[in-house]
Colleague: 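I'd like to ask you about the structure that follows.
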Amino acid sequence: MKRTLRTLLTLLLLATCAAGYAEDQTWSHVWDTSQSNGGEGFYHTSGNETTLTTTMKGIEWTLTSESPSVAYTASAGQMIGTTAKPASNVSLFTNGIEGVIKSVEVEVKVKDAVQVADVAVVVDEASYLCDGSATKQMTAEYVKYKFVPAADGAQGKIDIKMTQTGETKGALFIKSITIVYDPDVKEYTTGNYTHIWDKSRADGGEGFYNFGTSFVDTNTLTASLNNVSWTVTTVGSKKMAFTANGGQSFGVGTSDPCSHIELITNGIAGEITEVIVAAKKGTTSASLSDAAMKVSVGGTAYKCDDNVSAPLTADFVEYHFTPAAEPVEGEIKIEIDQTSETQVVIFLKSIVVNYREEITPIDAPTATPAAGSYDEAQTVELTAGEGTKIYYTTDGSNPRTSETTQEYTDAINITETTTVKAIAKMGDRLSSVAEFKYTIRKDPELSFEEAVKEVDYSDGYYMGVYLNNPYDVSPIRYESSDESVVKLDGYADLWPIAPGEATITAYFDGNEEYKPATASYKVIVNALLPLETPTVTPSGGTFEGPVDVTITAGSDWGTRAVTIWYSTEAASVEEMEDDMDKRTVWPDAPGFDYSVNTKTITIDHSCTLIVEARGYDSLSSEPLVLEFTIEPTNGINSVNADNANNDAVYNLQGQRVEKTVKGIYIQNGKKHIVK
C-alpha cells in the first residue's frame, strides 16, 4: 500500500512538472478594514514600543520604526508615525513566504508633498528594482511601485524600506502589498573540482606538455585534468611544460611568450558559483607585461573584486571569480591576455571550481550494463522515468549545455573507453547529470622478438629476449617454467642451470586501460662440449736425465680455454683440482698474450704429469695423465759397494757432498753405493 501511494504521489508530482511545474502564486494584503471590523495591521500600542509584530493574511510581518505611533485610518490605510513623532526609517519585513520572489508591489504615499521620502524593496539582501532604480520617491498621492529582481529572483527575507531624508518629516502611509512568488523552492547540492599542477608527468602529474622531443607544431592541446577534459589554445608560443616552481607554464621567458591563452571545459555539471585560479607571470621583465585574466561561464562574464579582468603579478595569487548575479551553468573559459610590447611566460598553479546542482524530483537515467572496466565492446542502454526524454553526450561534456548533446533513441555502442553523461527531461525540468564511465581495456600487444633462444650451458648469464611493450604497461613479471634448467635474474636475463628446455613467460596483470596479457619464448640450454685437450711433447717415458716438456694448447685457446692446469706433485686429477698447492696455473697474470699457445716445463724427477685445459664454463678438457721416469747413468757400467771414505765424493748431479748418506755416489770416477 505504501509503495502504491508513493507511486501515485510521484506521478502527480511529475504531472505537475509536465505542465510547467508549479505556477506562480500571489500573496496580497490591503489595509481597507479597521481592527474592530476584522482588519489586520499595526495599531496603537501602549508605551514607546517601536517594534511590532502581527499576522496579515496568514503571514507574520514585523514593523520597526523610531515612532510608536501606528494606526489604521479609513481614508489612508496603515499610518506609520505622525508629524509630532515621525519615523525617519521604516522597515516592514517577513520571512514567511517560501519561494522565489518574482515581484513585490507596494502602494505608498506621504502625508504632505514637502516630505522627501523613498521606498525600496530588498529580498535576501538583494535590491529589487522599480523601473531600473533601487529606490522610488514617494508622493502625496498613492502610487503602486512594482519592484522586480535585477536577475533571477531571490528567496528569503522580504524587506520593504521607507526612508525620510528631508527636513520636514511626517506620517507615512501604506495601502497595499502584493507579492508574486514561485513556490518551487530550489534545493541544491554543492560540489568542488580541484586540479593542482604539483607533479611532473614522469611522477604521474597531469597537464599540457609540448616541449623538447615531444614538441608538436600545434596551438591546441586537450588533456584530462583530474578526470575532466580541458582544452588549451594559445596565440604565440606553442610551448607548454611543467616546472617544479611554477607549475604549468605557457611560453618560454620573454623570447617565446603567449599573447593569448584560453583554457576551456564543458565537463563540469552544475551552476558555477566560483572559479579560483592561482596564476602569475614570469619574473623576468614582469613589470613590463600587462598580463590579465578573465573568466566566463556559459558566455557570462564572472567578476574578480567587481572587475571582469584581474591583472597578474610576479607572485602567485589566487583570483576568485564569482557571478555578478545568479550562478550560470555551461562552458568554463579562463582567458589570459598580454597586449603589451614586452610579454612574458605565464604560470598556472591550480584551478578550483565550486558549483551547485539543483535537487529535482526527476530521477537521473540509469545504465545497463553498469559502468566499469570491460575487455570487449559494450552496448549500453539508458532508462529513465515514464514520460521523460533522455539526452546524453559521449565526449565527457555536460549534456545540459553541450553542443554535442543528442537525444537517446537507441542503445549506445561503446567500442573504446568512453564517459557517457546523461540527463532525463520532463517539460522544462531536468534531472541531475548521471555519469557512466566505460573502460574498454585494450590489448597491450606484448610479444618477444624471438620465439626460441638457444644458449650454451655455462656459469654465466645470457641476455634474455627483448620484450616488445608498445604501450609501456607495467609492472611486468617474468617466470621460468623450469628453474632446474634456467633461472632469471632481476632483469629477466638467463642463468642456465643445466642442459634442457624451459619456457620464459612475461605476465601483465592488467589495469584500468589495458587488459591482462602474456608473452613467452622457449629457451634451449645446450650442453657444452669439453674443451680441447692440450698436447704434451714428449708424452711421458723414461729418461736418463732432466727433460724439457712442451705443453701446447688446443685451437680453442684464448676463446673457451683460457688457462692450463698442470701438476707433477698430485697423485690424481681430483687431488690436483682440489689442492691448489699441488697445481700450477698458466697463465697466472692478467693481460696475457693468447697468441702464445705453448708452455715448456722441465721434469727432473720421476713423476706423474697431469694436464688439463680450463675455461669460463667449468667444462674442462679431458685430463692427460702421463708418467715420466728419470734414470741417469753418467757412463758408469758397474756398481761397487764401498764404505764411505774421505776422498772427494759427488752425487749423481755432479755436486760435491761433504757427508754421505744412503744412496749412489761418484768417487774417484767410480760409482759407489752407500748402505
Side-chain angles (χ1 to χ4, degrees), residues 27-35 39-54 56 59-95 97 101 103-150 154 156-180 306:
W27 179 92
S28 181
H29 176 67
V30 180
W31 280 272
D32 57 0
T33 305
S34 66
Q35 185 178 29
E40 297 175 321
F42 299 95
Y43 300 95
H44 282 296
T45 61
S46 59
N48 294 315
E49 293 183 37
T50 56
T51 299
L52 302 174
T53 298
T54 190
M56 300 184 296
I59 299 297
E60 185 177 85
W61 286 82
T62 298
L63 173 69
T64 63
S65 70
E66 300 93 342
S67 175
S69 300
V70 292
Y72 166 77
T73 64
S75 60
Q78 177 71 62
M79 180 186 72
I80 304 170
T82 62
T83 302
K85 296 181 177 181
S88 298
N89 297 282
V90 174
S91 178
L92 182 61
F93 62 89
T94 184
N95 284 298
I97 297 178
I101 308 303
S103 66
V104 178
E105 185 181 75
V106 292
E107 187 178 5
V108 293
K109 73 168 188 173
V110 294
K111 180 179 181 182
D112 297 314
V114 294
Q115 294 174 243
V116 179
D118 293 329
V119 62
V121 172
V122 176
V123 179
D124 190 33
E125 299 185 359
S127 295
Y128 276 41
L129 306 179
C130 178
D131 297 331
S133 176
T135 61
K136 296 299 288 186
Q137 187 171 345
M138 299 165 58
T139 67
E141 303 292 332
Y142 269 122
V143 177
K144 291 182 178 181
Y145 301 98
K146 186 175 183 178
F147 289 84
V148 297
K157 178 181 177 181
I158 303 171
D159 193 356
I160 301 170
K161 299 177 179 293
M162 290 181 281
T163 305
Q164 296 191 78
T165 58
E167 292 184 5
T168 302
K169 297 180 175 61
L172 303 174
F173 295 91
I174 182 167
K175 186 69 172 179
S176 66
I177 302 174
T178 301
I179 299 173
V180 178
D306 291 328

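This one's a predicted model, so the numbers in the text were calculated from it and none came from an experiment.
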Colleague: Are side-chain heavy atoms of Leu172 and Gln115 found at a separation under 4.5 Å?
Modeller: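 Yes. Closest side-chain heavy atoms under 4.5 Å.
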Colleague: Any donor-acceptor pair under 3.5 Å linking the side chain of Thr94 with the backbone of Glu60?
Modeller: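 Yes.
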Colleague: Would you say Gln35's side chain and Gly41's backbone share a donor-acceptor pair under 3.5 angstrom?
Modeller: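 No; zero donor-acceptor contacts below 3.5 Å.
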Colleague: Ignoring hydrogens and geometry beyond distance, is a side-chain donor-acceptor pair present between Asp118 and Thr163 at under 3.5 Å?
Modeller: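 Absent: no donor and acceptor within the cut-off.
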Colleague: Could you pull out the closest heavy-atom pair between Ile158 and Trp61, with the gap in Å?
Modeller: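 Shortest heavy-atom contact: O-CZ3, 4.4 Å.
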Colleague: Output the distance between atom NE2 (His29) and atom CD1 (Ile179), rounded to the nearest 0.5 Å.
Modeller: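 Atom-to-atom, His29:NE2 and Ile179:CD1 are 11.0 Å apart.
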Colleague: If you take all heavy atoms of Ala154 and Asp124, which pair is closest and at what distance?
Modeller: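 Taking Ala154 first and Asp124 second, the nearest heavy atoms are CB-CB, 4.3 Å.
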Colleague: Quick one, Lys109 and Glu141 - any side-chain contact, counting heavy atoms below 4.5 Å?
Modeller: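 Result no, sub-4.5 Å side-chain heavy-atom pair not found.
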Colleague: Between Lys144 and Glu105, what is the shortest heavy-atom contact and its length?
Modeller: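 In this case the closest contact between Lys144 and Glu105 is CD-OE1, 3.8 Å.
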Colleague: What is the distance from atom OG1 of Thr135 to atom OH of Tyr145, rounded to the nearest 0.5 Å?
Modeller: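 That separation rounds to 10.5 Å.
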Colleague: Which heavy atom of Met56 sits nearest to which heavy atom of Glu40, and what is that distance?
Modeller: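 Smallest heavy-atom distance, with atoms named: CA-OE1, 3.3 Å.
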Colleague: Working to the nearest 0.5 angstrom, can you tell me the gap between Leu129 CG and Lys136 NZ?
Modeller: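 So the gap between those two atoms works out to 10.5 Å.
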Colleague: In Å, rounded to the nearest 0.5 Å, how long is the span from CG of Asn95 to CD1 of Ile59?
Modeller: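 Rounded to the nearest 0.5 Å, the CG-CD1 separation comes out at 10.5 Å.
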Colleague: Any sub-3.5 Å donor-acceptor pair from Tyr72's side-chain atoms to Asp32's backbone N or O?
Modeller: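 Here the side-chain-to-backbone pair exists.
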Colleague: Can you see whether Thr53 engages Thr62 through a side-chain donor-acceptor pair at a distance of less than 3.5 angstrom?
Modeller: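 Their side chains do contain a donor-acceptor pair, which is all the 3.5 Å distance test asks for.
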Colleague: Of all residues at least two apart in sequence or in a different chain, which pass the salt bridge (Lys or Arg N to Asp or Glu O under 4.0 Å) check with Asp306?
Modeller: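 Expected list: none.
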Colleague: Heavy atoms only: give me the nearest Lys175-Ala74 pair and the separation to one decimal.
Modeller: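 Smallest heavy-atom distance, with atoms named: NZ-O, 4.3 Å.
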Colleague: Please tell me if the side chains of Val119 and Phe147 come closer than 4.5 Å, counting only heavy atoms from C-beta onward.
Modeller: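 Counting from C-beta outward, Val119 and Phe147 do come under 4.5 Å.
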Colleague: Counting only heavy atoms not in Lys111, do more than 12 sit closer than 6.0 Å to its NZ atom?
Modeller: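 12 or below, so no.
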Colleague: Between Val121 and Ile101, is any pair of side-chain heavy atoms under 4.5 Å apart?
Modeller: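 Val121 does not reach Ile101 side chain to side chain.
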Colleague: Looking at Ala117 and Val110, what are the two nearest heavy atoms and their distance?
Modeller: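 Heavy atoms of Ala117 and Val110 come nearest at CB-CG1, 3.7 Å.
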Colleague: Return a table of donor-acceptor pairs under 3.5 angstrom between the side chains of residues 75-85 and protein atoms on other chains or two or more places apart.
Modeller:
| from | atom 1 | to | atom 2 | distance (Å) |
| --- | --- | --- | --- | --- |
| Gln78 | OE1 | Trp31 | NE1 | 3.1 |
| Gln78 | OE1 | Phe42 | N | 2.8 |
| Gln78 | NE2 | Phe42 | O | 2.8 |
| Gln78 | NE2 | Ala71 | O | 3.1 |
| Thr82 | OG1 | Ala84 | N | 3.4 |
| Thr82 | OG1 | Lys85 | N | 2.9 |

Colleague: Is there a donor-acceptor pair under 3.5 Å between the side chain of Gln164 and the backbone N or O of Ala87?
Modeller: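 Side chain of Gln164 to backbone of Ala87: a pair is present.
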Colleague: Is any side-chain heavy atom of Ile177 closer than 4.5 Å to one of Trp27?
Modeller: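 They are in side-chain contact.
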